[in-house]
Number of protein chains: 2
Amino acid sequence: MSAIVDNIKGKATPTEALLPTATASTRADSVFDSLRTAIVRGELSPGSKINEPQLSKLYGISRGPLREAIRRLEGCKLVEIKANVGARVVELDIQKAIEIYEIREALEGLACGLAAERATSADCDRLRALLARHEAQIESEDGKRYYQKEGDLDFHYLIVSLSGNTRLFNLLCDELYHLLRLYRVQTSSQPSRPAQAFKEHHRIVDAIEERDAMLAELLMRRHIASAKATLLAQLDHDSELNPIDVGS
Amino acid sequence: MSAIVDNIKGKATPTEALLPTATASTRADSVFDSLRTAIVRGELSPGSKINEPQLSKLYGISRGPLREAIRRLEGCKLVEIKANVGARVVELDIQKAIEIYEIREALEGLACGLAAERATSADCDRLRALLARHEAQIESEDGKRYYQKEGDLDFHYLIVSLSGNTRLFNLLCDELYHLLRLYRVQTSSQPSRPAQAFKEHHRIVDAIEERDAMLAELLMRRHIASAKATLLAQLDHDSELNPIDVGS
DNA sequence: TTCAATATTATTGTCTACAATTTTTGGTTT
DNA sequence: AAACCAAAAATTGTAGACAATAATATTGAA
């Protein structure tokens, strides 16, 4: 157990700097970030118990701020709390994946349509630059691995931010995307269709640049539907290998 | 399907099932419910400070569980917390209303389409029964007032629960709908188009009964777009009367 | 051995007190 | 007066201890 716990404190990868709040001025904030990272990396395995005395000792804080951090994780749907029993890291199953992707398709379709309506030409430049970076990454093996793991989300992150809808951005980036990360870690991972995904990204940017909101929305919905199908196939395959496994 | 959804399916009026969380076994849960109710009723005015010593005294609990309740309110987007400064009841403005309704239109459109695909004939009976009840209420003055205040949401609760998507249900009913209530209280209220809304509800149920998912989604989106227009007009009108008002 | 009831331990829920920070107050200077 | 700085008050953040509940272990009986 302590080996797992030791890993948790180990700090960030480059991609990590994108998402967490810049200034974690309070201990509770800091521990919230750490725990969230640990969960989405799979270092706290799905279904496992959140032990307050243990974690408060690990992070060197008292249980008060720790419990507040756990409440925030509950808000992100990363843990589930039962009264008088405690919190457990969320369990991911196929049913939940279906639900998440139904929602994601609707929301990112919306975001992409809004982005097409609202993106400035400077915004389009940013999209093009990101595509170029991804294209270069697909060449190298390491880059391809990164693209499959985080690059795809970077693209979606940018689109959503261009939608101009702050609440939508928070909903997707603070909640759904972290859950998607967790799925990626849990399945043997990889969408394993990087070239196809890149092509789809390209067409989406084309539609945005042409201010074609309807097409942009349609293409994004399809793009996500493809990702959904890939994930479900993967989950289906995995579930045949290891049927059920309730965390410690 | 989740216990929550089952619970709601079994109740006469969904609002009753949802507002007071089943059994608030812990003090923090109980205070969370109380605070949420106080906020959506406008008893804690938008923008006002959440004073921890004051509230803990009021509810007769210490600050620990109170702070956890506040964190949960933050998760519902009902308060905004700044580190070392504290929490304030969320301020509602036109921009936020637009964002919320953009999201709501996408999500409830999705929900309604799913409901059309999945509703059993028993579910359709429940929808018809609800419509009949609302039709009766429109006759009386009191009933009309209720219909405008809560009856509309009851209809939407039921539709969303019929979507079968638990996460979608939670997203809408635990977060968005409470915010909508807050808007209704804050504006001089009333959608003031009960007859029109009832007609739209009726057509939506028709589409669901006919298993016409695309039409159901379209009609729901239009229904919400109408509500959005009404709310924005109201907010616009109100903002001319009292320009800006930062809570105490 | 297996099951059930009980005793023990561990964990969660809560309270009180203290430290850190912010907000307010009051005074001083220009 | 107005603006600025310092002291005081209030509020938030955190720690540690105790109470209530759940999980575990132990004992006894069938």
Side-chain angles (χ1 to χ4, degrees), chain A residues 1-2 4-5 8-9 20-36 38-39 44-45 47-75 78-91 246-248, chain B residues 3 21-36 38-39 44-45 47-75 78-91 246-248:
Chain A
M1 184 56 189
S2 65
I4 298 173
V5 184
I8 294 168
K9 292 192 88 171
T21 56
T23 55
S25 57
T26 188
R27 290 173 215 270
D29 290 342
S30 157
V31 168
F32 167 73
D33 283 342
S34 301
L35 279 176
R36 186 175 59 178
I39 291 173
L44 257 53
S45 50
S48 64
K49 184 81 197 306
I50 300 286
N51 187 307
E52 293 180 10
Q54 177 189 333
L55 285 178
S56 69
K57 204 169 168 186
L58 170 66
Y59 288 112
I61 62 170
S62 68
R63 282 175 51 224
L66 175 65
R67 283 171 65 89
E68 288 186 39
I70 292 172
R71 282 296 181 191
R72 292 178 64 186
L73 293 173
E74 184 192 28
L78 286 173
V79 307
E80 291 168 354
I81 300 179
K82 266 193 280 191
N84 290 312
V85 173
R88 302 192 89 92
V89 178
V90 66
E91 288 266 22
V246 173
S248 67
Chain B
T21 297
T23 49
S25 56
T26 187
R27 291 174 216 269
D29 290 341
S30 159
V31 168
F32 168 73
D33 284 341
S34 301
L35 279 176
R36 186 175 58 178
I39 291 173
L44 258 56
S45 50
S48 65
K49 184 83 197 306
I50 300 285
N51 187 307
E52 294 181 10
Q54 177 188 331
L55 284 178
S56 70
K57 204 170 168 185
L58 172 64
Y59 288 111
I61 62 171
S62 69
R63 282 177 50 224
L66 174 65
R67 284 172 65 89
E68 289 187 39
I70 293 172
R71 283 294 181 192
R72 292 179 64 187
L73 292 173
E74 184 192 26
L78 286 174
V79 306
E80 290 168 354
I81 301 179
K82 268 195 278 191
N84 290 311
V85 173
R88 303 191 90 92
V89 178
V90 66
E91 287 265 23
V246 172
S248 69

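Values below: every heavy atom of this structure, side chains too, minus hydrogens, waters and symmetry copies. Order of the sequence lines sets the chain letters (A, B, ...), proteins ahead of strands, with each chain counted from 1.
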Can you give the first and last nucleotides of DNA chain D, 5' to 3', that have an atom under 4.0 Å from a heavy atom of chain B?
-> D:dT11 to D:dT14

For the pair A:Arg71 and A:Glu68, find out whether any cationic side-chain nitrogen is under 4.0 Å from an anionic carboxylate oxygen.
-> no

Compare all side-chain heavy atoms of A:Val31 with those of A:Leu55 and state whether any distance is below 4.5 angstrom.
-> no

Closest heavy-atom pair and its distance - B:Pro53, B:Ser56 = O-OG, 2.9 Å

For B:Ala87 and B:Ile81, the nearest pair of non-hydrogen atoms, with its separation, is CB-CG1, 3.8 Å

Flag side-chain contact, heavy atom, 4.5 Å: B:Val79 against B:Leu35 = no

Going 5' to 3' through nucleotides 10-23 of chain C and flagging B where a protein heavy-atom sits under 4.0 Å of the base, S where only the sugar-phosphate is that close, and - otherwise, we get -SBBBBB----SSS

Between B:Phe32 and B:Ala69, the two heavy atoms sitting closest are CD1-O, 3.7 Å

Taking every non-hydrogen atom, the tightest pair across A:Ile61 and A:Arg27 = CG2-CD, 4.0 Å

